[in-house]
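Only a predicted model underlies this, so the values are computations on that prediction, with no experimental measurement involved. Residue numbers begin at 1 in each chain, while the letters A, B, ... track the order of the sequences.
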There are 2 protein chains.
Amino acid sequence: MGEKSARQTRPTLMDVAKKAGVSRATASLVVRKSPLVGAETRAAVEAAMIDVGYVYNVGAAGMRAARSRTIGVIIPNLSNPFFGVLLAGIDRIVDGAGLATFIAHSGESPAKQDGFVTRMREHGVDGLIVCPAAGTGDDFVPRLKRWGMPVVEALRTVGGGAVDYAGMDQRGGMDGAVARLAELGHDRVGFVTANLYHSAHDERLVAFRAAMARHGLQAVTEIEIAPTHAEAAALAARMAGAADAPTAWICHNDVIGLGLHWGFSDHGVVPGRDVSLIGFDNVAETDLVRPGLASVATEPGEIGVLAARLLLRRIETPDADVEILTVPTHFVERASVGAVRG
Amino acid sequence: MGEKSARQTRPTLMDVAKKAGVSRATASLVVRKSPLVGAETRAAVEAAMIDVGYVYNVGAAGMRAARSRTIGVIIPNLSNPFFGVLLAGIDRIVDGAGLATFIAHSGESPAKQDGFVTRMREHGVDGLIVCPAAGTGDDFVPRLKRWGMPVVEALRTVGGGAVDYAGMDQRGGMDGAVARLAELGHDRVGFVTANLYHSAHDERLVAFRAAMARHGLQAVTEIEIAPTHAEAAALAARMAGAADAPTAWICHNDVIGLGLHWGFSDHGVVPGRDVSLIGFDNVAETDLVRPGLASVATEPGEIGVLAARLLLRRIETPDADVEILTVPTHFVERASVGAVRG
DNA sequence: CTGAAAGCGCTTACAG
DNA sequence: CTGAAAGCGCTTACAG
């Protein structure tokens with residue numbers, strides 16, 4: 001009585017084999033698309049699979065084969081669309097290779113990040129793509145390697161160790177930005193960086209200084225703030241009335257750039273006329289504000305694709321040489337940039 | 001010669017048991033934090049785990065226990081930050097329960113969505129949270145249920161079947177928006193919807209009509225476009241010069257709203273003064289444009305939390321009653337809304 | 001090209 | 001509270 005049909009056990013390879021009148025090993029070969037099995041046998045097995053409603057059990061297969069056909073991705077911040085696009089790029093390649101992706105977001109917390117690494121090891125992921133949280137310790141990657149975990153860093157790198165990496169070359173876009181400012185007569189240029197410390201933070205600062213030197217300019221200010229719209233707007237409010245303030249600002253990212261745009265605008269300082277503003281990342285919002293926010297662009301989806309390819313290769317050949325891949329960046333001019341006021 | 005140390009096999013529960021001088025079953029009880037084992041034995045096993053560097057093998061455990069401690073999430077579009085926040089909410093609950101999350105994005109393609117469902121079944125996920133791609137067939141959820149897969153829909157629902165659902169109640173915010181327009185004297189109001197068909201599309205349109213009727217207004221126009229900034233801007237360009245155009249527009253989402261904002265602004269029609277604009281979703285950008293874009297707000301993270309809780313409950317008790325949960329929405333006024341011009 | 005046996009690392013009853 | 005045996009669903013050698 002009472003249809004207590006607990007979760008019905010799903011058909012196994014043995015069920016398929018019986019139905020098709022072959023051994024389990026043969027059925028397994030068909031599932032794995034091995035060329036070792038004859039066309040007729042293959043057809044019989046495939047028909048049987050459909051017949052019994054067979055679903056491949058990746059977990060069981062992985063246990064014997066010592067790989068899980070999964071990878072893990074750890075991202076610092078899922079609400080930033082930049083990372084969403086990165087993730088989409090990763091997923092496209094990983095899915096194409098027949099693997100599935102575990103995702104976790106660290107919220108820029110190294111402790112949470114460590115927790116996710118443990119969880120993913122327990123799930124036996126075949127490899128890991130990490131964009132390390134700000135403040136991640138130098139031992140993070142060496143520890144992963146000691147465990148024999150294939151790992152690729154994306155966008156940021158920690159510890160300077162030898163590890164596959166896919167990121168962006170900040171220099172091209174930064175140089176384009178500074179060159180344009182020089183051309184427009186700016187010689188009082190400020191830089192606003194974020195108070196989150198990771199390699200991209202440093203790279204952008206270094207690239208800024210190098211570009212400034214190359215164009216014979218000197219930075220009048222380098223300011224560090226929390227990378228939120230509100231903090232940046234507050235900075236703009238302070239600068240709006242200041243004497244000797246820079247006539248142009250380059251920002252670590254568009255969040256800060258848009259915040260400055262907002263803050264200056266609300267204090268009657270018009271971007272592109274009274275002050276020049278340049279962001280970084282070229283997110284969609286840069287095109288929506290008026291005047292548009294000039295920015296430095298790259299292709300986050302492409303970085304994701306490269307990172308995924310690096311990881312698949314590392315899983316395939318653990319002893320391959322370390323590869324560092326960077327995609328170029330370029331300056332995208334918009335109306336927030338203009339000639340210095342006479 | 002040559003340290004060919006292939007991937008070292010990691011320690012098993014047997015290694016831990018030997019080290020601690022107990023049987024494998026006892027070690028297993030310690031790992032699973034069973035209260036059946038004595039404090040002294042527990043301590044010895046825990047020490048041994050650290051000693052040998054034990055990592056729990058969730059896959060092997062799951063195979064025997066017939067659950068994987070994983071769930072799958074299928075999202076239509078990862079580059080929309082709204083879904084990023086939803087995902088973060090899901091992850092927080094799922095992680096808290098000790099499970100890991102597979103993620104896939106369908107790109108609004110039902111075919112890709114089916115592929116991911118298969119992949120996730122093969123990986124033996126314990127359940128699925130889906131925001132169905134536009135155009136998903138009515139049989140989608142029934143099929144999952146026939147397979148015995150616990151499933152929760154988020155934000156959108158298809159087929160009208162009995163399935164757990166976490167979404168938003170469009171009506172409150174829509175009514176607030178229309179009420180405010182009526183108050184400001186608008187009686188020529190248009191609605192711009194997206195050409196992607198899913199339940200939220202219909203709900204918003206129905207809510208719009210109901211609110212208009214309630215406030216004694218009549219829609220002069222309902223237009224359907226592709227939900228991109230550019231398409232919306234093009235629509236604004238056509239409307240900018242049109243006689244009898246609505247004096248206020250409500251949009252299916254902020255992408256369309258921001259596109260209209262951009263298009264009108266670039267044609268000298270100032271939002272809030274010459275035309276009133278209201279979006280939907282209250283994404284961060286609404287606060288960055290000038291004048292700010294009024295919108296209807298909800299809490300995507302909260303929807304994620306609810307969806308995750310529904311799924312965990314469904315996995316726990318497969319026969320529980322179906323639950324439909326909606327979080328409220330509310331109108332957020334900004335300067336893009338103003339009195340109708342005399 | 002196909003089949004019988006062993007084993008991946010765990011958990012589940014079942015005895016004690 | 002602890003131990004010995006069987007089995008989850010697959011793949012891997014090894015024979016034929």
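- The pair B:Arg313-B:Glu323 counts as a salt bridge, with a side-chain nitrogen and a carboxylate oxygen less than 4.0 angstrom apart.
- Using cut-offs of 30° and 60° on the angle between ring planes, the pair B:Phe102 and B:His123 is tilted.
- Not one side-chain nitrogen or oxygen of A:Arg67 sits closer than 4.0 Å to the OP1 or OP2 atom of D:dT11.
- Within 4.0 Å of B:Val58, counting heavy atoms only, lies no atom of the nucleic acid at all.
- Along DNA chain D, the nucleotide nearest to B:Ala25 and the one nearest to B:Ala65 differ in position, and the one closer to the 5' end is contacted by B:Ala25.
- Distance, B:His123 NE2 to D:dC8 P: 22 Å, rounded to whole Å.
- Distance check, rounded to the nearest 0.5 Å: CD1 of B:Ile103 to CG of B:Leu87 gives 4.0 Å.
- Pairing for C:dA13 is absent, with no Watson-Crick or G-U wobble pair whose two atom distances lie under 3.5 Å.
- In this structure, A:Asn57 atom CG and D:dG7 atom P are separated by 18 Å, rounded to whole Å.
- Between A:Lys18 atom NZ and D:dG9 atom C1' there is a gap of 13 Å when expressed in whole angstrom units.
- Put simply, the side chain of B:Tyr165 does not reach to within 4.5 Å of the side chain of B:Leu310, judged on heavy atoms.
- One can place CD of A:Glu40 at 12 Å from P of C:dC1, the figure rounded to the nearest angstrom.
- In this structure, the CZ atom of A:Arg69 is 21 Å from the P atom of C:dC8, given to the nearest Å.
- At D:dT2, one or more side-chain N or O atoms of B:Thr41 fall inside 4.0 Å of OP1 or OP2 (strictly under the cut-off).
- Neither OP1 nor OP2 of C:dG9 sits under 4.0 Å from any side-chain N or O of A:Arg64.
- The nucleotide whose nearest atom lies closest to any side-chain atom of B:Tyr56 is, among C:dT11, C:dG9, D:dT11, C:dT11.
- With the nearest nucleotide of DNA chain C identified for both A:Arg24 and A:Leu36, A:Leu36 has the one nearer the 5' end.
- The separation between B:Met14 atom CE and C:dC10 atom C1' is 12 Å, rounded to whole Å.
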Next on the checklist: B:Leu155 vs B:Phe82, test: side-chain contact (heavy atoms from CB on, under 4.5 Å). Steps then yes/no.
Outcome noted: CA-CA 11 Å; B:Leu155 287 173; B:Phe82 191 84; 3.7 Å; yes

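- With C:dT2, D:dG3, C:dC8 as the choices, the nucleotide that has an atom nearest any side-chain atom of A:Met63 turns out to be C:dC8.
- Put simply, B:Ser28 has a side-chain N or O that comes within less than 4.0 Å of OP1 or OP2 on C:dT11.
- For C:dG3, the OP1/OP2 oxygens have a side-chain nitrogen or oxygen of A:Thr26 closer than 4.0 Å.
- Among the protein residues, A:Ala61 comes within range of the sugar-phosphate backbone only, with heavy atoms under 4.0 Å from sugar or phosphate atoms but none that close to a base.
- Base pairing of D:dA4: no nucleotide in any strand meets the Watson-Crick or G-U wobble criterion (both distances under 3.5 Å).
- For the pair A:Ile315 and A:Asp126, the tightest heavy-atom approach, listed with the atom from each and the gap, is CG1-O, 3.4 Å.
- Remark: P of C:dA13 and CZ of B:Arg32 are 11 Å apart, rounded to the nearest angstrom.
- Distances shorter than 4.0 Å separate some side-chain N or O of B:Ser23 from OP1 or OP2 on D:dG3.
- Here D:dC10 presents its C1' atom at 13 Å from CD of B:Glu122, a figure rounded to the nearest Å.
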